[in-house]
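Below: the structure, in structure tokens.
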Protein chains: 2
Amino acid sequence: MANIRDIAKAANVSVTTVSRVLNDHPYVSEEKRRAVLETMKVLKYNKNLNAVTLSKGKTQIIGVVLPYIHQPFFSLVLNGIARRASEEGKTIMLFQTNYEEEKEREALEKLKGKQLDGLIFCSRALSQADIQMYGQHGPVVLCEESEHMNCVYMNHYESIVTGVRHLRRRGYERIGLTLNRNSGRNTNERVRALKDSGFHDEDIFYGALNMEDGEEIARELLLLGNDGPDALIITNDTVAAGIYNEFRRRGKKIPDDLALLSYDNQHIAQSLEISSVQLPLLEMGEAAYSLLSIPKHKKIELPFTLIQREST
Amino acid sequence: MANIRDIAKAANVSVTTVSRVLNDHPYVSEEKRRAVLETMKVLKYNKNLNAVTLSKGKTQIIGVVLPYIHQPFFSLVLNGIARRASEEGKTIMLFQTNYEEEKEREALEKLKGKQLDGLIFCSRALSQADIQMYGQHGPVVLCEESEHMNCVYMNHYESIVTGVRHLRRRGYERIGLTLNRNSGRNTNERVRALKDSGFHDEDIFYGALNMEDGEEIARELLLLGNDGPDALIITNDTVAAGIYNEFRRRGKKIPDDLALLSYDNQHIAQSLEISSVQLPLLEMGEAAYSLLSIPKHKKIELPFTLIQREST
DNA sequence: TTGTAAGCGTTATCAT
DNA sequence: ATGATAACGCTTACAA
């Protein structure tokens, strides 16, 4: 592997000149430029990007932390980030964490080790305080409200309040909630909003992330019969689809037997006519990316829209 | 920013000793180890990972090239890759190309520049020959059949033949096909299989990738009336869902008015009872990752399964 | 067990 | 315009 010095020697110029040619700097005669280019070809020269990185102190790599790649929510946010990053010639390093703190730490350590120019958390398991500690090593953005770090988020409390109001107007009286985790800021906000609206813990179902989880919850609800909620606000469309499917299989009707309101408004909600809270996820990703280069604390709240369909 | 030399000086040891402490090497007295660790804390030392990279000549980064992150097909393959990579302490650099050759080239150039230890193409716009040229700079794996590069793929020709046989058995006589692109190895194989089965160009619909595309194609088909195919093999479940939705909206019935057989067997196919060809996508990703470290040419063909539902 | 010094391959500063 | 030379910060023979 020929390096810049080999080229310099072979072409009878200095390394500086070779570097100049490499970077299209001015102040290099056409004659030498051609000579350098020629010997590069002869010696099959390849620029070593790691050396550039070390010398410049920047990698042009942005880290993105998310729990699950294949969830529509996260893959759309990621998409938004990737789009902006690509426009600016940055690349994305992906950290799929499955909500394991250790995996999140790996990403933070790469920021600390200068392998990343910035880091975006689409969701997190570590505490905000833990994450904030790494802020001194480079820009960190959260897709969740934060008082100390740059962040882009939607108002989860308000979204639940809006959902409850919508359901009440449609005549539903006992409203339940499904959630993925039993901690996390967004989760807590949703729970708080539900309780403030006068509903109870017993109608909150945790561990609701996939279609199978939805089917499972549906079976629980069917056992409860009239002793359960008559409407459910659901983690995401996929879980809602699971509930929908299981109810249909058992000969139950949506929304007569159970009203469904889910989050994300993905294709499947559209197809099954499930009401859903739509978030501008691509925009969230794009905003997160932009926030990386804003030095002072900035929060961006994104609006949501409730799309009503047959399920409510 | 204190570096390894500063630490050495302050702790009264050599840089080698510091490096040894850093890497948990044996042969360093407990006394010095503690001294080093202590001064590291005092001087707030952070290891610079780029320097490590340059020195070692390996980055532990694997590049993944795919056209669209948010498509279930690709996000599942990516998931499989990420899982294996994470197990081995490698990280993923993501290249969302939107099938732009230039973007694919960026990834290849990073391999050439030693910023990547390997590269996986989940799909491609560049020719195999173009990609193969970069094989000299590091391992490259394709998720598509190739005679020269390591690859994991499914037999697209056979999948169409199987689909056609299935549809014929169910009584359908004129079978059409939807595709995303009008080139690409997988696409070509599908077209070839359809033609070999006795069907024609006129029933092939291109540009079918999203739900909206499906709706559009559905409208075209509705205009054709009885002058179109009575069954369709479809790019993916999302497109199929689009067709399904549009037909339902117009009061048409699936499969009476049109039989649908799609690819990928994602949630939405399950929910809408659409027959679908299932591929082991996670396994495909995992296999692709493993193939990176196999020096001699190896091909892995993955099986597919036709899941029959109400749409056929 | 410890240290010296030569890489790794660039970029950047400062003369000339 | 061109070049010497010092960073960048770590790893790793090789020597002691």
Side-chain angles (χ1 to χ4, degrees), chain A residues 1-37 39-40 43-61 89 109-117 137-138, chain B residues 1-40 43-61 109-117 137-138:
Chain A
M1 280 283 87
N3 66 24
I4 207 178
R5 253 179 281 268
D6 300 329
I7 303 297
K9 199 164 293 175
N12 262 311
V13 298
S14 70
V15 291
T16 313
T17 301
V18 178
S19 176
R20 287 207 176 98
V21 172
L22 228 36
N23 297 288
D24 291 319
H25 272 301
Y27 301 131
V28 40
S29 68
E30 200 45 47
E31 182 193 12
K32 303 220 166 190
R33 153 168 274 113
R34 250 202 299 275
V36 168
L37 256 19
T39 51
M40 277 181 176
L43 300 187
K44 294 193 203 306
Y45 170 78
N46 294 318
K47 188 177 192 165
N48 183 313
L49 298 173
N50 299 319
V52 178
T53 286
L54 176 60
S55 184
K56 290 208 164 156
K58 294 260 169 253
T59 56
Q60 314 287 26
I61 305 176
E109 286 296 323
K110 299 220 187 271
L111 181 71
K112 185 168 162 186
K114 300 226 169 293
Q115 201 163 58
L116 299 175
D117 288 353
H137 303 111
Chain B
M1 282 281 87
N3 64 24
I4 207 179
R5 255 179 281 268
D6 300 328
I7 304 296
K9 199 165 293 174
N12 262 311
V13 297
S14 70
V15 290
T16 314
T17 301
V18 178
S19 176
R20 288 206 177 100
V21 172
L22 228 36
N23 297 288
D24 290 319
H25 273 300
Y27 300 131
V28 38
S29 66
E30 199 44 47
E31 181 193 13
K32 302 219 166 188
R33 152 168 276 111
R34 251 202 298 276
V36 168
L37 256 18
E38 183 54 33
T39 50
M40 277 179 176
L43 299 187
K44 294 192 205 301
Y45 171 78
N46 294 318
K47 190 178 192 166
N48 183 313
L49 298 173
N50 299 319
V52 178
T53 286
L54 176 59
S55 185
K56 292 209 164 153
K58 294 263 171 250
T59 55
Q60 314 288 30
I61 305 175
E109 286 295 324
K110 299 220 186 274
L111 181 70
K112 186 168 162 186
K114 301 228 168 291
Q115 202 163 58
L116 299 175
D117 288 351
H137 302 111

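Since the model is a prediction, treat every value here as computed from it, not as a measurement. Convention: sequence-line order gives letters A, B, ...; per-chain numbering from 1.
Put simply, the residue from B/E109, B/K110, B/K112 that forms a side chain to side chain contact (heavy atoms under 4.5 Å, CB included) with B/H137 is B/K112.
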Considering only distance and modelled atom types, tabulate donor-acceptor pairs under 3.5 Å from the side chains of residues 25-32 of chain A, sequence neighbours left out.
residue : atom : partner : partner atom : Å
A/S29   : OG   : A/K32   : N            : 3.3

Under 3.5 Å, which donor-acceptor pairs do the side chains of residues 6-19 of chain B form with other protein atoms, sequence neighbours left out?
residue : atom : partner : partner atom : Å
B/D6    : OD2  : B/N3    : N            : 2.9
B/S14   : OG   : B/T16   : N            : 3.4
B/S14   : OG   : B/T17   : N            : 3.3
B/S14   : OG   : B/T17   : OG1          : 3.3
B/S19   : OG   : B/N23   : ND2          : 3.4

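A distance of 11.5 Å separates CG in B/L116 from NZ in B/K58, rounded to the nearest 0.5 Å. One finds the CG atom of A/L37 at 9.0 Å from the CG atom of A/L22 (value rounded to the nearest 0.5 Å). Residue B/L54 holds its CG atom at 10.0 Å from CG of B/N48, rounded to the nearest 0.5 Å.
In this entry the distance linking NZ of A/K114 with C1' of D/dC10 reads 15 Å, nearest Å. The distance from atom NZ of A/K56 to atom C1' of D/dG9 is 18 Å, rounded to the nearest whole Å. Atom pair A/Q115:CD and D/dG9:C1' shows a separation of 14 Å (rounding to whole Å applied). Atom-to-atom, NZ of B/K58 to P of D/dT12 comes out at 13 Å; the value is rounded to the nearest Å. Distance A/N48 CG to D/dG9 C1': 15 Å, rounded to the nearest Å. Summarising the geometry, the separation between CG on B/N46 and C1' on D/dC8 is reported as 15 Å, rounded to the nearest angstrom. If you measure from atom CG of B/L54 to atom C1' of C/dG7, you get 9 Å, rounded to the nearest angstrom. If you measure from atom CG of A/N50 to atom C1' of D/dT11, you get 14 Å, rounded to the nearest angstrom.
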Please list, pair by pair, any protein nitrogen or oxygen found under 3.5 Å from a nitrogen or oxygen in nucleotides 3-5 of chain C.
residue : atom : partner : partner atom : Å
C/dG3   : OP2  : B/S14   : N            : 2.9
C/dG3   : OP2  : B/S14   : OG           : 3.3
C/dG3   : OP2  : B/T17   : OG1          : 2.8
C/dG3   : O6   : B/R20   : NH2          : 3.3
C/dT4   : O4   : B/T16   : OG1          : 2.4

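A/K114 and A/T59 make their closest contact through O-CG2, 3.4 Å (heavy atoms, listed as atom of the first residue, atom of the second, distance). Taking each heavy atom of B/Y45 and B/I4 in turn, the nearest pair found is CE1-N, 3.8 Å. Smallest separation of non-hydrogen atoms from B/R33 and B/V21: CA-CG2, 4.0 Å. Shortest non-hydrogen contact noted between A/D117 and A/Q60 is OD2-N, 2.7 Å.
Put simply, A/K47 has a side-chain N or O that comes within less than 4.0 Å of OP1 or OP2 on C/dT11.
Axis deviation across the helix from C/dT1-D/dA16 to C/dT16-D/dA1 amounts to 30°, comparing end segments of five pairs, rounded to 10 degrees.
With a 4.5 Å cut-off on side-chain heavy atoms, B/T53 and A/Q115 count as touching.
Applying a 4.0 Å cut-off to non-hydrogen atoms, the residues of residues 21-30 of chain A that approach DNA chain C are A/N23, listed by residue number. For the segment residues 2-9 of chain B, no residue has any heavy atom less than 4.0 angstrom from an atom of DNA chain C.
For B/S55 (side chain) and B/V52 (main-chain N/O), no donor-acceptor pair under 3.5 Å exists by modelled atom type.
A donor-acceptor contact under 3.5 Å is not formed by the side chain of A/S55 with the base of C/dG9.
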